[in-house]
Amino acid sequence: MTTPDTLNLDAYFERIGYTGPREATLETLSALHAAHLASIPFENVDVLLGRRIRLDLASLQAKLVDARRGGYCFEQNTLFAAVLRHLGFQVTTLEARVRPPGATQTLPRTHMTLRIDFPDLAVLADVGFGGDGPLGPVRLDGQVSEQGSDAYRVDEEGAVRVLQIRGLDGWRDLYAFTLDEALPIDFQVANHYTSTWPESPFVTTLTAQLSLPDERRVLRGRRMTVRCGRSETAHDVEDHQLLPLLRQTFGLDLPDDIRLPSQR
């Protein structure tokens, strides 16, 4: 039985298909990071249905593990941080400002990410950024991390750090953050804003995203995109195709009577 301050590690490992070592090493972190991303989708179905997004450990385990659902950054990285801490990793939770392409103003701190410290190394870990997010840890010292067909680095802007991805046109910002620890109450506030503000993209647009080692699957609205390396295919999804797609392509366990808003 799960209580608010306990975590069923065996159930989590079964959920992500992980059977490897449990020592607090960089190799273990990398393997867990990749397995989590490939098994637990980034999605906002509950936000669109007007359901409260809970960040306590019992609720996260019930939803993401037991019910085989997904979630967005606050859910994903809160659960992942709890797993890592149970295994003995040194974890610091951080807040970030997303920098989407074409943004012309500074956005609020509505992203959660993680710093993991080892005796001789500090890395960024993030299983909650969706289809553009890193597949594994990224060093905080600026060294480039090659991950499949993508590459990531953490750049410095004074006291601010910026996670960047390398694309065909060079490096592009994903989000900016500082190394100041953010507390659970900070994420409660950001979570409430992100999941209830009428203009929040999570309130207005359905998304489901899954990052496999060699494939990125991204549904936004009714547009489905699959990226393999530098090759990308996309198509529109009709309303009657949506539920089968969410189940089969993203592995979401959703009931037959679910009714998502019609949108494009």
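Because only heavy atoms are used, hydrogens play no part in the values below, and waters and symmetry mates are left out as well, while side chains stay in. All values derive from a computational prediction rather than experimental measurement.
For the pair Leu60/Arg54, no side-chain contact is recorded, criterion being any heavy-atom separation below 4.5 Å from C-beta on. Here the side chains of Asn8 and Val65 are not in contact, with every heavy-atom distance at 4.5 Å or above. Two residues are said to be in side-chain contact when any heavy atoms from C-beta on lie closer than 4.5 Å; Thr28 and Phe89 meet this criterion. Between Thr225 and Thr233 there is no side-chain heavy-atom pair separated by less than 4.5 Å. Contact check for Phe187 versus Glu95: side-chain heavy atoms found under the 4.5 Å cut-off. Val154 is not listed as a side-chain neighbour of Val162, based on a closest heavy-atom distance of 4.5 Å or more.
Scanning both residues, Arg15 and Arg68, for their nearest heavy atoms gives NH2-C, 3.4 Å. Heavy-atom minimum distance, Asp236 versus Gln241: O-OE1, 4.2 Å. Closest of all the heavy-atom pairs between Val203 and Ser195 is CG2-O, 3.4 Å. The shortest heavy-atom contact between Gly131 and Val218 is CA-CG2, 4.1 Å. Among all heavy-atom pairs drawn from Val45 and Ile258, the shortest one is CG1-CD1, 3.6 Å. A pairwise comparison of heavy atoms in Ala24 and Leu87 identifies CB-O, 3.7 Å as the closest pair.
Within a 6.0 Å sphere centred on CD of Glu14, heavy atoms belonging to other residues, nucleotides or ligands number 12 at most. Atom CZ of Arg69 is surrounded by more than 12 heavy atoms from other residues, nucleotides or ligands within 6.0 Å.
The aromatic rings of Tyr18 and Phe13 are tilted relative to each other, their planes meeting at an angle between 30° and 60°. In this structure, His111 and Phe129 have perpendicular ring planes: the angle between them is above 60°, well past the 30° mark. Between Tyr72 and Phe202, the two ring planes are perpendicular [angle over 60°; tilted spans 30° to 60°].
Cluster membership check: Leu174 shares its hydrophobic cluster with Val98, using side-chain heavy-atom separations under 4.5 Å among Ile, Leu, Val, Met, Phe, Trp and Tyr. Hydrophobic clustering (side-chain heavy atoms under 4.5 Å, transitive across Ile, Leu, Val, Met, Phe, Trp, Tyr) groups Ile165 together with Leu94. When hydrophobic clusters are built by joining Ile, Leu, Val, Met, Phe, Trp and Tyr residues whose side-chain heavy atoms come closer than 4.5 Å, directly or via intermediates, Phe177 is not grouped with Ile116. Hydrophobic clustering (side-chain heavy atoms under 4.5 Å, transitive across Ile, Leu, Val, Met, Phe, Trp, Tyr) groups Leu9 together with Leu64. Leu29 and Tyr152 are assigned to two separate hydrophobic clusters, defined by single-linkage of ILVMFWY side chains at heavy-atom distances under 4.5 Å.
In this structure a side-chain-to-backbone donor-acceptor pair under 3.5 Å is present from Arg97 to Leu107. Distance alone, capped at 3.5 Å, is enough to place a donor-acceptor pair between the Thr93 side chain and the Ala182 backbone. Judged by distance alone, with hydrogens and angles left aside, the side-chain atoms of Gln164 form no donor-acceptor pair with the main-chain N or O of Asp173 at under 3.5 Å. At distances below 3.5 Å, at least one donor-acceptor pair connects side-chain atoms of Arg230 with backbone N or O atoms of Ser149. Checked by atom type and distance alone, the side chain of Ser30 pairs as donor or acceptor with a backbone atom of Leu26 at under 3.5 Å. Under a 3.5 Å cut-off, the side chain of Asn44 and the backbone N or O of Thr205 do form a donor-acceptor pair. A donor-acceptor pair under 3.5 Å is absent between the side-chain atoms of Arg139 and the main chain of Ala122, judged by distance alone. Put simply, the side chain of Asp186 gets close to the backbone of Leu183: a donor and an acceptor are under 3.5 Å apart. Although no hydrogens or angles enter the test, the distance criterion places a donor-acceptor pair under 3.5 Å between the side chain of Gln76 and the main chain of Pro41.
Using a 4.0 Å cut-off between a side-chain N of Lys or Arg and a carboxylate O of Asp or Glu, Asp117 and Arg115 qualify as a salt bridge. Checked for salt-bridge contact, Arg99 and Glu157 meet the test: a charged N lies under 4.0 Å from a carboxylate O. Here Arg222 pairs with Asp239 in a salt bridge; the nearest charged N to carboxylate O distance falls below 4.0 Å. Using a cutoff of 4.0 Å between basic side-chain nitrogens and carboxylate oxygens, Arg227 and Glu215 are not scored as salt-bridged.
To the nearest 0.5 Å, atoms CZ (Arg172) and CZ (Arg166) are separated by 13.5 Å. Expressed to the nearest 0.5 Å, how far CG of Leu79 lies from CG of Leu55 amounts to 11.0 Å. Atom CG of Leu246 sits about 6.0 Å away from atom CG of Leu219, to the nearest 0.5 Å. Atom OH of Tyr12 is separated from atom CG of Asp66 by 13.5 Å, given to the nearest 0.5 angstrom. In this structure, OG1 on Thr92 lies 9.0 Å from CG on Leu179, to the nearest 0.5 angstrom. In this structure, Ser39 OG and Leu210 CG are separated by 7.5 Å, a value rounded to the nearest 0.5 Å.
For Trp171, there are no ring-ring contact (aromatic ring centres under 6.0 Å, His included) partners, not counting sequence neighbours. Looking at residues two or more places apart in sequence or on another chain, you find a ring-ring contact (aromatic ring centres under 6.0 Å, His included) between His33 and Phe80.
Residues Arg220 and Thr207 bring no donor and acceptor atom of their side chains to less than 3.5 Å of each other. Glu23 and Thr25 share no donor-acceptor pair across their side chains, judged by distance under 3.5 Å alone. Side-chain polar atoms of Ser200 and Tyr193 form no donor-acceptor pair below 3.5 angstrom. Side-chain contact of Asp56 with Ser59: a donor-acceptor pair under 3.5 Å is present, judged by distance alone.
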Exercise for the section: Show the numbers, then the answer: is there a salt bridge (Lys or Arg N to Asp or Glu O under 4.0 Å) between Asp132 and Arg216? Expected result: CA-CA 8 Å; Asp132 282 336; Arg216 307 275 190 151; over 6 Å; no
Problem - Test log, rule salt bridge (Lys or Arg N to Asp or Glu O under 4.0 Å), inputs Asp46 and Lys63 - result: CA-CA 10 Å; Asp46 281 355; Lys63 178 182 176 182; 3.2 Å; yes
